[in-house]
Trainee: 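To start, I am sharing the structure in question, which I have written as structure tokens.
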Amino acid sequence: MSLNMLRSVLFVPAVSTHLLAKAAQRGADALILDLEDAIPLDRKQEARDKLVGAVQAIGNAAPVLVRVNADPDMLQADLAVLPVSRLAGIMLPKVESAAQVQSLCAWLEKNGAASLPVVALIETPLGVLRLESIASAHKNVAALGFGGEDYATEMSIAPTPESLDWAAHAVANCAHAFGLACLGLPGSVAEIHDMESYANLVARARTMGFTGTVCIHPNQIPHANRGFSPSEEELAWARAVVAAGEDATSRGLGAVTLEGRMIDRPIIERARSLLMRGRTPSGV
């Protein structure tokens, strides 16, 4: 599974087994069974007890990731019940050091899941400052996530696009520097009614380089899927650029003009990337 193709990943509390059947039919590219923020402290063990059954209930209806807890003791309890062979990835929250990632990956290697993708969720100022070491901590790191709500809380600010702009850009830039997917929004993920505002936030995220986002409500999924997919106009442009590039190559040229604009290698590569993202995710 390539996390780079994920546009929408829907959170489902691991205790909410009644939501599982519908959750897999909502159109999200993947589901995240949550053991962390969506689960009160007094229900953590209940969530762990229900995790395997939840994964089995989803079956092949959608790829499944699990968000574990960052607290070392709770993390160890979470790992003890993970059905790693059935998972598409693990989301590690509140990552502030390479050591956190390396410790998780060492456990995966010892437990028969040496290649399981890891999403490192950046949610604090210290995590942002250490982005490069986190992104390069281990080959299993397949994506960076940006938790704007937690980051804003740590900064004692509101999670507005303006206040989160710098940190969100930093996360996206680092993700692309290391060839990773980048999940999140430069703002609050909590909007579930004003879908125009939510769609605008998704559009802003895409212009920053985010490749997808987590969703906390089914209302958000179609807007995330649409917003992180190339439009028909973008795809038409990309096809024309690739065709022009291939024609230039056949004539021994490194650049060519298309509709009054110079087309060369960087533009052609961007067009190819758009065409790749225009494919409907399948088994992601």
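Side chains included, hydrogens not; waters and symmetry mates left out as well; all remaining heavy atoms used.
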Trainee: Looking at every non-hydrogen atom in both residues, tell me the closest pair between Val66 and Ile32 and how far apart they are.
Mentor: C-CG2, 4.2 Å
Trainee: The criterion is salt bridge (charged side-chain N to carboxylate O under 4.0 Å, His left out); which residues satisfy it with Glu154, sequence neighbours excluded?
Mentor: none
Trainee: In terms of ring plane angle, is the pair Tyr198 and His223 parallel, tilted or perpendicular, where the classes change at 30° and 60°?
Mentor: perpendicular
Trainee: Determine the minimum heavy-atom distance between Ile221 and Ser8, stating which atoms define it.
Mentor: CG2-OG, 3.9 Å
Trainee: For a quick test of reading the model, state the closest non-hydrogen atom pair linking Pro93 to Glu123 and the distance between them.
Mentor: CB-OE1, 3.5 Å
Trainee: So, does Ser103 use its side chain to make a donor-acceptor pair with the main chain of Gln100 at under 3.5 Å?
Mentor: no
Trainee: Locate the shortest heavy-atom distance separating Ile157 from Ser163; write the atom from each residue and the value.
Mentor: CD1-CB, 3.7 Å
Trainee: Taking only residues two or more places apart in sequence, or in another chain, which ones meet Asp37 in a salt bridge (charged side-chain N to carboxylate O under 4.0 Å, His left out)?
Mentor: Lys94
Trainee: Under the rule for salt bridge (charged side-chain N to carboxylate O under 4.0 Å, His left out), what residues qualify as partners of Arg226, not counting sequence neighbours?
Mentor: none
Trainee: I need the minimum non-hydrogen distance between Leu51 and Pro83, along with the two atoms involved.
Mentor: CD2-CD, 4.0 Å
Trainee: My understanding is that only residues two or more places apart in sequence, or in another chain, count here; which of them pass salt bridge (charged side-chain N to carboxylate O under 4.0 Å, His left out) with Arg48?
Mentor: Asp78
Trainee: Let me know which of Leu3, Leu92, Val214 forms a side chain to side chain contact (heavy atoms under 4.5 Å, CB included) with Val119.
Mentor: Leu3
Trainee: Can you list the other members of the hydrophobic cluster that holds Leu41, where links are side-chain heavy atoms under 4.5 angstrom apart?
Mentor: Met74
Trainee: By the rule that ILVMFWY residues connect when side-chain heavy atoms come within less than 4.5 angstrom, directly or transitively, which residues belong alongside Leu129?
Mentor: none
Trainee: Would you name the heavy atoms of Asn140 and Ser115 that are closest together and state the gap between them?
Mentor: ND2-C, 3.8 Å
